[in-house]
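By convention in this document, chain letters (A, B, ...) are assigned in the order of the sequence lines, proteins followed by strands, and residues within each chain are numbered from 1. A quick note: this is a predicted structure, and the numbers were derived from the prediction, not measured.
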Amino acid sequence: MTANTKPLIAILDYGIGNLHSAQKGFEHAGADARLTADRGLIDDADGVVLPGVGAFAPCMAALGRTGLDAAARDAAGSGRPFMGICVGMQVLFAGSDEAPGIPGLGILDRGVRWIPGPVKRPQMQWNILDRRLDHPMLDGLDDPVWAYFVHSLAPEMGDGTDVVATCDYGGPVVAAVARGNVWAAQFHPEKSSRVGLRILANFVAAAGRRAG
Amino acid sequence: MHVARVIPCLDVDAGRVVKGVNFVDIRDAGDPVELAARYDAEGADELVFLDITASSDRRDTTVAMARAVADEVFIPFTIGGGIRTLDDARRLLRAGADKVSVNTAAVRRPELVREISLEFGAQCCVVAIDARSAATSPSGYEVFTHGGRTRTGIDCLAWATEAERLGAGEILLTSMDRDGTKRGFELNLTSMVSETLGIPVIASGGVGNLDHLVEGVVEGRADAVLAASIFHYGEHTVAEAKTRMAESGITVRPA
């Protein structure tokens with residue numbers, strides 16, 4: 001990458017849901033963002049994004065059908081900035097209560113569970129990100145950081161060492177995770193107004209640093 | 001933490017917002033993109049566009065509008081009105097709408113709810129219910145269709161429960177008795193549906209002042225409150241609404 005070019009962000013297009021907002025959001029955040037299933041482009045990208053909406057099982061099936069499950073694993077293992085969003089976060093884990101017996105990508109160990117307690121599911125609202133780690137994902141954002149959530153399940157807390165933020169929904173719910181180059185958000189940054197665009201810009205900046 | 005949402009609703013005809021929105025210094029009061037950006041800046045949590053386009057051959061304008069809004073505005077938005085088939089829903093969601101709401105077509109063919117939910121997920125499947133008080137219905141409220149003109153004989157609470165079972169992710173509940181009256185939400189209806197269901201309920205119909213929004217959440221137990229005219233005609237801003245709600249002890253995302 002030269003000083004004049006934008007970081008290339010490959011958004012994995014495996015036929016699930018509305019990727020339009022994600023692409024436009026990354027463009028607003030300064031990226032050359034492409035919706036793609038092209039392995040060459042994915043391998044060349046400065047950063048790779050795995051979106052996902054709907055349910056775990058159809059997302060895993062579509063990833064398998066398109067071969068993008070391997071592309072996602074390779075990208076996550078490459079050291080390049082990688083980000084899973086919503087169900088695209090959940091499939092990074094080993095499996096989900098929503099689809100017993102169907103393995104996830106296993107990039108992050110532990111499972112995804114129904115949000116417990118007497119709360120409405122889905123959590124469909126804006127909520128505050130309670131920071132647990134100082135991480136570049138949330139750089140430049142003043143507390144309270146509000147993000148838009150739509151989900152009925154969330155990753156387990158595990159030992160907590162990779163949990164960037166939780167939100168309070170009948171108890172602490174994992175909202176963002178990061179391990180090495182792999183970032184993951186349960187909320188929708190592309191639907192979280194100025195806050196979300198800043199989070200996308202933070203990812204683009206990480207991709208730019210790596211590329212530069 | 002439960003955070004109540006404030007949702008302005010805009011009527012759209014052939015891709016243009018109608019019923020005039022009187023923001024000061026706005027260039028084009030009919031431009032859905034400019035209005036959506038303005039409501040985002042004011043702190044609106046989501047937007048609902050209600051498509052009132054009469055002729056189905058002009059529906060492409062609504063798809064184009066969804067795309068234009070999604071290009072520029074990064075908060076969730078729902079499009080409702082005239083969605084009859086899974087393909088109608090697909091085109092709007094692919095264009096960038098986050099949710100679609102179905103009403104008459106879902107009453108006529110409830111499987112439509114399941115189809116949308118299975119293909120795109122419950123989170124983008126809103127079932128809009130227009131209800132009117134009716135002593136003949138077990139819950140006291142009956143479902144009406146075709147913009148509130150047609151009786152169905154279907155009980156409102158029974159239909160809301162069925163919609164949840166079929167895979168709806170949210171209910172947009174409008175009291176036709178209150179719609180346009182500025183007398184406030186039908187709180188009995190709202191609380192009955194919201195407390196019975198395990199999915200979020202948006203209260204709609206009757207908002208005439210900011211206290212009505214507070215009542216909708218506190219007494220109506222609504223997860224979100226929808227209003228049109230008090231915002232459009234410049235009576236109140238979304239920011240004022242949120243301030244009033246916060247002063248009343250409701251948790252909201254500040255503007």
### Message
Checking D38(A) against T36(A): is there a side-chain donor and acceptor pair closer than 3.5 Å?
### Response
no
Heavy-atom distance under 4.5 Å to chain A: side chain of [X], backbone, both or neither?
X: R90(B); answer: neither
X: V69(B); answer: neither
X: R5(B); answer: side chain

Between [options], the one whose heavy-atom pairs under 4.5 Å with chain B are most numerous:
options: L197(A), N127(A), V119(A); result: L197(A)
options: E190(A), H188(A), H28(A); result: H28(A)
options: R121(A), K120(A), R194(A); result: K120(A)

### Query
Can you check side chain to side chain donor-acceptor pair (under 3.5 Å) on Q186(A) and Q90(A), steps first, answer last?
CA-CA 8 Å; Q186(A) 181 59 73; Q90(A) 296 180 359; 3.0 Å; yes
Measuring heavy-atom distances to chain B, does [X] have an atom under 4.5 Å in its side chain, in its backbone, in both, or in neither?
X: S192(A); result: backbone
X: Y169(A); result: both
X: I128(A); result: both

### Query
If you count heavy-atom pairs under 4.5 Å between each of G198(B), A70(B), A224(B), G121(B) and chain A, which one has the most?
G198(B)
### Query
Salt bridge or not for R34(A) and D13(A), using N-O below 4.0 Å?
no
### Interatomic spacing from CG in D46(A) to CZ in R80(A) - rounded to 0.5 Å
8.5 Å
### Message
Would you say that more than 12 heavy atoms from the other residues, nucleotides or ligands in this model lie under 6.0 Å from the CG of D143(A), or not?
### Response
yes
#### Entry: Distance under 6.0 Å and angle within 45° of ring axis: R253(B) vs W146(A)
no
### Task
Please answer whether the main-chain N or O of F74(B) pairs with a side-chain N or O of K191(A) as donor and acceptor at a distance below 3.5 Å.
no
